Amino acid sequence: MENKAPKSTKFWVVLIGVILVVAVAGMLVIQSVREEGAQVVITWNGEVEGTYPLDQDETFVFEGENGGRNVVVIENGMVFVSEANCPDQICVNHKPTNQTADPIVCLPNKLVVEVSAPNSENQLDGVS
Amino acid sequence: MMNVRKLTTMAMLTAISMIVFLIEAQIPLPFAVPGVKLGIANVITLYAIWTLGRREALAILLIRVFLGNIIAGNVMAMAYSLAGGLLCWVIMSLLKPIMGRSQIWLMSILGALGHNAGQLGMAILISGTTTMIWYAPVLIVAAVVTGAFTGYLTQILLGHMDKLQKHA
């Protein structure tokens, strides 16, 4: 089978190049908008489970009816997933974070852990 | 009419794509980005699109997504695989008539972009939060890299299969 009219390779390379440049710019923008947050929003199974302060150490165990299990830990002002029974373990490998725009996600178990910025009335200082 | 040769080729390709899919699922990745993998099974989809046809490639893809995720014990992942795989197939099928064989690596990149977009969309839908949109730029860069890789593999594969055909 002959191709009708193959567009030049250059066309596609330029198109993909533009997409790539936009994506890299997007990564830089995300880096720059990241800031230290004060609280953690945990979403489990598509519903917000709760919002918890980052300055109080706590451990949450989530167990779903379909066998999903995740353990979320808030420790020393950072949040991370310490344990999960999902096959990919991406959430467990995610570095502990206290940054916004850096969500920890467990796709198979539908868990999203997201740090959010402090509310204006929150006073963060004097924690130590 | 589907002849026996075509049917056995499709069965073979389905089996190969499932094995590749299952092995790949066992390889841990050093960076924590949900949904990022090499996607070597896409070599089979590309190969099928070029040697058998678009509909045949779709059939192989659907069986792989269905059986692969069941065997991997990861039924939850099926929705993500399906959304990604279908969008990838749609894009590559649309590109097929306007691309040459030396441009498969480009077709593969655009397909991988569709795959990751579909997966991200499904993830946002299922998780009920839009926060995963932060991953979009990383997923785009990953798609360009992995897409180029699997596309180039397909071109090498097609070249070798040509030689085999000649000597058969």
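Every value quoted in this text rests on a predicted model; they were computed, and no experiment measured them. Note on naming: letters A, B, ... go to the chains in the order of the sequence lines (proteins, then strands), and numbering restarts at 1 for each one. Hydrogens, waters and symmetry mates are skipped; everything else that's a heavy atom, side chains included, is used.
Ring geometry, A/Tyr52 versus A/Phe60: the interplanar angle falls from 30° to 60°, so the pair is classed tilted.
Interface residue B/Val144: only side-chain heavy atoms are found under 4.5 Å from chain A. With a threshold of 4.5 angstrom between heavy atoms, A/Leu111 does not approach chain B through any atom at all. For a residue to count as touching a neighbouring chain, one of its non-hydrogen atoms must lie under 4.5 Å from one of that chain's; by this rule A/Ile19 touches chain B with backbone and side chain alike. Of the atoms belonging to B/Leu113, it is side-chain heavy atoms, and not backbone ones, that fall under 4.5 Å from chain A. With a 4.5 angstrom heavy-atom cutoff, B/Ser127 touches chain A via backbone and side-chain atoms both. Heavy atoms of A/Val33 lying under 4.5 Å from chain B belong exclusively to its side chain. Contact annotation for B/Ile126: both backbone and side-chain heavy atoms come within less than 4.5 Å of a heavy atom of chain A.
Of the listed residues A/Gly68, A/Ala25, A/Pro103, the one with more heavy-atom pairs under 4.5 angstrom with chain B than any other is A/Pro103. Across A/Pro108, A/Gly26, A/Ala101, A/Cys106, the residue that shares the most heavy-atom pairs under 4.5 angstrom with chain B is A/Ala101. Here B/Leu110 is the residue among B/Leu110, B/Ile133, B/Leu95, B/Leu139 with the most heavy-atom pairs under 4.5 Å with chain A.
Using a distance-only test at 3.5 Å, with no hydrogens or angles considered, no donor-acceptor pair links the side chain of A/Gln56 to the main chain of A/Pro53.
Sorted by first and then second residue, the salt bridge (Lys or Arg N to Asp or Glu O under 4.0 Å) pairs involving residues 67-83 of chain A (not counting sequence neighbours) are A/Glu63-A/Arg69, A/Arg69-A/Glu83.
When only modelled atom types and interatomic distance are considered, A/Asn85 and A/Asn70 share no side-chain donor-acceptor pair under 3.5 Å.
By the neighbour-count criterion of 12 heavy atoms within 6.0 Å, atom CZ of A/Phe80 is densely surrounded, having more than that number from other residues, nucleotides or ligands.
Here the two rings, on A/Phe62 and A/Trp44, have centers that are under 6.0 Å apart.
For the atom pair CH2 of B/Trp105 and CE of B/Met99, the computed distance is 9.0 Å after rounding to the nearest 0.5 Å.
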